[in-house]
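Residue numbers start from 1 in every chain, and the chains themselves are labelled A, B, ... in the order their sequence lines are given, proteins ahead of strands.
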Number of protein chains: 2
Amino acid sequence: MRMTPMIESFVCHFGEMGSRWGFNRTVGQIYALLVISEQPLSANDIADMLGISRGNVSMGLKELHSWQLVQTTHRQGDRKDYYQSRGSIWDMANRVFEERRKREMDPTLSLLRDIMLDEAANPDEAFAQQRIGEIHDLLENITEWTQSLQSLSPEKLNTLMKLGSGVGKVLDFKDKFMAKKAD
Amino acid sequence: MRMTPMIESFVCHFGEMGSRWGFNRTVGQIYALLVISEQPLSANDIADMLGISRGNVSMGLKELHSWQLVQTTHRQGDRKDYYQSRGSIWDMANRVFEERRKREMDPTLSLLRDIMLDEAANPDEAFAQQRIGEIHDLLENITEWTQSLQSLSPEKLNTLMKLGSGVGKVLDFKDKFMAKKAD
DNA sequence: TTAAAGTTTCAGAATTTTCTGAAAGTATTA
DNA sequence: TAATACTTTCAGAAAATTCTGAAACTTTAA
């Protein structure tokens with residue numbers, strides 16, 4: 001694959017976004033390249049196309065590997081490793097969510113839990129503890145909910161997303177039905 | 001409020017998390033302090049408690065203000081500005097989501113849209129464009145959906161979250177009902 | 001109008017993150 | 001076993017981000 005202005009702008013942007021999405025520029029660019037390339041690419045291809053060092057590519061691929069976002073393939077009579085993006089777009093989104101949950105939610109939840117186990121030493125701490133409790137409960141709810149959403153099939157998730165705020169109506173409806181059933 | 005080990009560990013952690021959540025360490029710490037403080041704090045209080053410069057506090061508060069996460073109050077016969085966290089925990093979570101959407105999704109969606117309007121110059125670009133289209137559609141779905149969720153009342157959202165993956169059953173049920181109604 | 005009490009800005013220092021490239025490591029083949 | 005073709009690591013260089021503090025600015029009240 002050759003770098004064209006279109007491909008370059010996509011790759012660049014993914015690089016910039018990378019840092020917002022939890023990985024660094026290079027990692028973002030490498031992944032972008034792999035996603036839009038029909039053929040697997042070698043580490044050298046990637047280094048050349050992005051104009052970055054071979055070592056940097058190796059580290060980036062290592063990270064993408066740990067996120068399970070790339071896979072390695074080989075070719076007959078060629079010792080090089082070739083890299084390919086892995087799974088569907090949904091899989092990729094799932095991985096990113098999961099990884100972010102691990103980085104952004106889990107450590108916080110664990111600290112908040114610890115704090116709540118402490119005895120408040122004075123009224124300030126008692127107030128703080130109460131607020132911390134609220135934050136903990138909210139984060140825990142969100143975490144559990146997103147986890148359960150991820151266990152839903154892509155089709156169900158799609159239905160749910162298409163429903164948009166209409167999901168409110170479905171909930172009302174369910175309540176009514178449950179009430180009737182209790183008669 | 002005095003710094004105690006409990007309060008300090010909470011504040012420190014929020015600082016570290018800050019960078020993952022889209023704001024820098026100082027901003028995270030300032031916000032943490034304001035959230036768990038029952039009384040509003042002056043900029044000097046904050047600088048002293050966190051051991052950082054007055055200028056840094058000013059910049060941090062400015063950013064929190066732009067996120068609409070703090071509000072300024074005053075006291076009779078006192079010229080100082082006092083700062084307070086704003087809104088409920090839900091409001092805070094909403095703000096963070098919204099801000100992140102603005103930073104992480106909107107620019108990407110807009111770039112992807114632009115790319116899709118271009119004419120593919122060769123087969124590589126045609127393939128790339130197709131993948132980019134998939135990514136665009138997924139991101140757009142997620143964006144619209146999260147927006148519509150945010151417009152739901154906190155109670156409805158809570159019901160929905162409590163439902164967890166049980167939401168799948170409710171969807172099935174709704175389908176069945178719709179089918180019957182069509183008879 | 002002026003002094004006092006406060007806030008904001010911003011250039012450069014300090015710190016953190018990322019990147020390079022040479023050296024070390026690991027297959028594979030002859 | 002040695003030569004070859006490739007990958008990985010990591011110390012230090014480069015770049016990006018964050019923080020400080022002095023100076024400029026704003027508001028209030030006497």
Checklist entry - Atom CZ of A:R75 to atom P of D:dA5: distance rounded to whole Å? => result 18 Å
Checklist entry - Does B:T26 make a side-chain N or O approach to OP1 or OP2 of D:dC19 shorter than 4.0 Å? => result yes
Checklist entry - A:D45 CG to D:dC6 P: how many Å, rounded? => result 11 Å
Checklist entry - A:I46 CD1 to D:dT8 C1': how many Å, rounded? => result 15 Å
Checklist entry - Are B:R25 and D:dC19 close enough that a side-chain N or O sits under 4.0 Å from OP1 or OP2? => result yes
Checklist entry - Any side-chain donor paired with an acceptor under 3.5 Å for A:S53 and A:N56? => result no
Checklist entry - Taking CG from A:L50 and P from C:dC19, how many angstroms apart are they, rounded to a whole number? => result 11 Å
Checklist entry - Do B:W21 and B:F14 make the cut of ring centroids closer than 6.0 angstrom? => result no
Next on the checklist: Quick test of your reading of the model: are B:E140 and B:R113 salt-bridged, counting only N-O distances below 4.0 Å?
Outcome noted: yes
What protein N or O atoms touch nucleotides 2-9 of chain C N or O atoms at under 3.5 angstrom, if any, and at what distances?
residue : atom : partner : partner atom : Å
C:dA4   : N3   : B:R79   : NH1          : 3.3
C:dA5   : O4'  : B:R79   : NH1          : 3.1
C:dT7   : OP1  : B:D81   : N            : 3.3
C:dT7   : OP2  : B:R54   : NH2          : 2.7
C:dT8   : OP2  : B:S58   : OG           : 3.2
C:dT9   : OP2  : B:K62   : NZ           : 3.2

Next on the checklist: Quick test of your reading: applying salt bridge (charged side-chain N to carboxylate O under 4.0 Å, His left out), list the pairs with at least one residue in residues 87-103 of chain B, sequence neighbours left out, ordered by first then second residue.
Outcome noted: A:E104-B:R100, B:E63-B:R103, B:E99-B:K102, B:R100-B:E104
Item to check | Any donor-acceptor N/O pair, A:S37 side chain to A:L33 backbone, under 3.5 Å | outcome: no
Checklist entry - For the residue pair B:W67 and B:F23, is the inter-centroid distance of their aromatic rings smaller than 6.0 Å? => result yes
Item to check | Euclidean distance, atom CG of residue A:N24 to atom P of D:dA16 [Å, nearest integer] | outcome: 13 Å
